[in-house]
Chemist: 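One structure coming up, written as structure tokens, with questions to follow.
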Amino acid sequence: AQSVSQHNHHVILSEAASLELGCNYSYGGTVNLFWYVQYPGQHLQLLLKYFSGDPLVKGIKGFEAEFIKSKFSFNLRKPSVQWSDTAEYFCAVTPGRNYQLIWGAGTKLIIKP
Amino acid sequence: GAGVSQSPSNKVTEKGKDVELRCDPISGHTALYWYRQSLGQGLEFLIYFQGNSAPDKSGLPSDRFSAERTGGSVSTLTIQRTQQEDSAVYLCASIPRRGSEAFFGQGTRLTVV
């Protein structure tokens, strides 16, 4: 079955630390890839997306993600995190470019001021 | 409207009562999802509508749950004979076209007492 794995369920970092959140998916064909963020008390919103082209995509608030097809991965990165990045981060995949969305379990990120 | 609208934003109900949750997707969006997010948990898929196709109900946890989407627009999620374990935030998302990102509403926080 198609699935999305986020390996880290909880991550705690200090401000200015670098961040990398892992996301791996199981699907051999064409995919669209997404990272969503949910700040405390707010609704889910899109952080960045990959459809095609340059595998390094940049999103809002200094986040970026790299699509590595050979590793079936789409890891999220930020070179220097801020306290305001405290949130839950979800990776999602649309396999075969249809309407189906498959979600990872989410990673709770806590940034210590 | 500008975004996905859900109502009510909060609902407290007594165990055993029926509830209806409403989702107004963004106009013209073809697909609509319902998800459930329990405290500390990720996104649990419930049901998915796409155009005029039969909905994918594979995520509904029991026959107490049902949903409909009228005229390809507004959707209603109904929970009959509510139980305490139904307490969660119910999220609606709409997708404009194949492979696109999902746009989420603010959710309905359901509390069953």
Side-chain angles (χ1 to χ4, degrees), chain A residues 1-10 21 23 25 27 29-53 57 59-60 63 65 67 74 87-110, chain B residues 1-7 9-10 23-26 28-59 69 72 75 88-109:
Chain A
Q2 297 153 358
S3 64
V4 176
S5 297
Q6 291 183 243
H7 311 296
N8 309 103
H9 296 296
H10 292 88
L21 301 181
C23 172
Y25 63 93
Y27 182 75
T30 303
V31 290
N32 287 356
L33 300 153
F34 308 90
W35 275 97
Y36 286 81
V37 60
Q38 188 173 31
Y39 296 103
Q42 296 189 26
H43 67 284
L44 276 156
Q45 56 187 287
L46 184 69
L47 196 56
L48 49 77
K49 61 187 178 184
Y50 172 80
F51 287 177
S52 64
V57 292
I60 59 172
F63 285 91
F67 170 50
F74 189 56
E88 189 159 16
Y89 294 80
F90 293 90
C91 180
V93 173
T94 296
R97 293 194 177 149
N98 59 25
Y99 286 101
Q100 185 185 24
L101 262 179
I102 301 174
W103 293 85
T107 297
K108 288 187 172 64
L109 175 66
I110 297 172
Chain B
V4 178
S5 177
Q6 291 187 247
S7 60
S9 54
N10 280 285
C23 173
D24 282 272
I26 296 172
H29 280 201
T30 307
L32 185 149
Y33 280 86
W34 282 99
Y35 292 95
R36 179 166 71 175
Q37 189 174 29
S38 302
L39 190 63
Q41 303 297 312
L43 288 169
E44 178 187 4
F45 164 73
L46 297 177
I47 188 169
Y48 155 58
F49 297 89
Q50 179 193 332
N52 296 321
S53 303
D56 178 353
K57 304 179 181 180
S58 60
R69 188 179 184 194
S75 178
V89 176
Y90 289 81
L91 295 170
C92 175
S94 67
I95 298 177
R97 56 193 170 276
R98 196 177 300 276
S100 178
E101 68 265 32
F103 294 79
F104 281 85
Q106 292 274 15
T108 294
R109 183 175 297 279

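Chain A is the first sequence line, chain B the second, and so forth, proteins listed ahead of strands; every chain is numbered from 1.
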Chemist: With a 4.5 angstrom heavy-atom cut-off, is it the side chain or the backbone of A/Q38 that approaches chain B, or both, or neither?
Modeler: side chain
Chemist: Assess whether side chain to side chain contact (heavy atoms under 4.5 Å, CB included) is satisfied between B/F103 and A/Q45, documenting all intermediate values.
Modeler: CA-CA 7 Å; B/F103 294 79; A/Q45 56 187 287; over 6 Å; no
Chemist: Would a 4.5 Å heavy-atom cut-off, applied to side chains only, mark B/F104 and A/Q42 as touching?
Modeler: no
Chemist: Would you mind reporting whether B/I95 and A/T94 have side-chain heavy atoms less than 4.5 Å apart?
Modeler: no
Chemist: Identify the heavy atoms of A/L101 and B/Y33 that sit nearest to each other, and give their distance.
Modeler: N-OH, 2.8 Å
Chemist: State the CD-CG distance between B/E101 and A/L48, to the nearest 0.5 angstrom.
Modeler: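 Here the interatomic distance stands at 11.0 Å.
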Chemist: Flag the one option from A/I102, A/L44, A/L46 with the top tally of heavy-atom pairs under 4.5 Å to chain B.
Modeler: A/L44
Chemist: The criterion is side chain to side chain donor-acceptor pair (under 3.5 Å); which residues satisfy it with A/Y27, sequence neighbours excluded?
Modeler: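 Result, side chain to side chain donor-acceptor pair (under 3.5 Å) vs A/Y27: none returned.
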Chemist: Under 4.5 Å from any heavy atom of chain A, what part of B/Q37 do you find: side chain, backbone, both or neither?
Modeler: side chain
Chemist: Just jot down the side chain to side chain donor-acceptor pair (under 3.5 Å) partners of A/H9, sequence neighbours excluded, or say none.
Modeler: none
Chemist: For the residue pair A/F90 and B/L43, what are the closest heavy atoms and their distance?
Modeler: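 Heavy atoms only, the tightest pair is CE2-N, 4.2 Å.
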Chemist: What part of B/F45 lies closer than 4.5 angstrom to a heavy atom of chain A: side chain, backbone, both or neither?
Modeler: neither
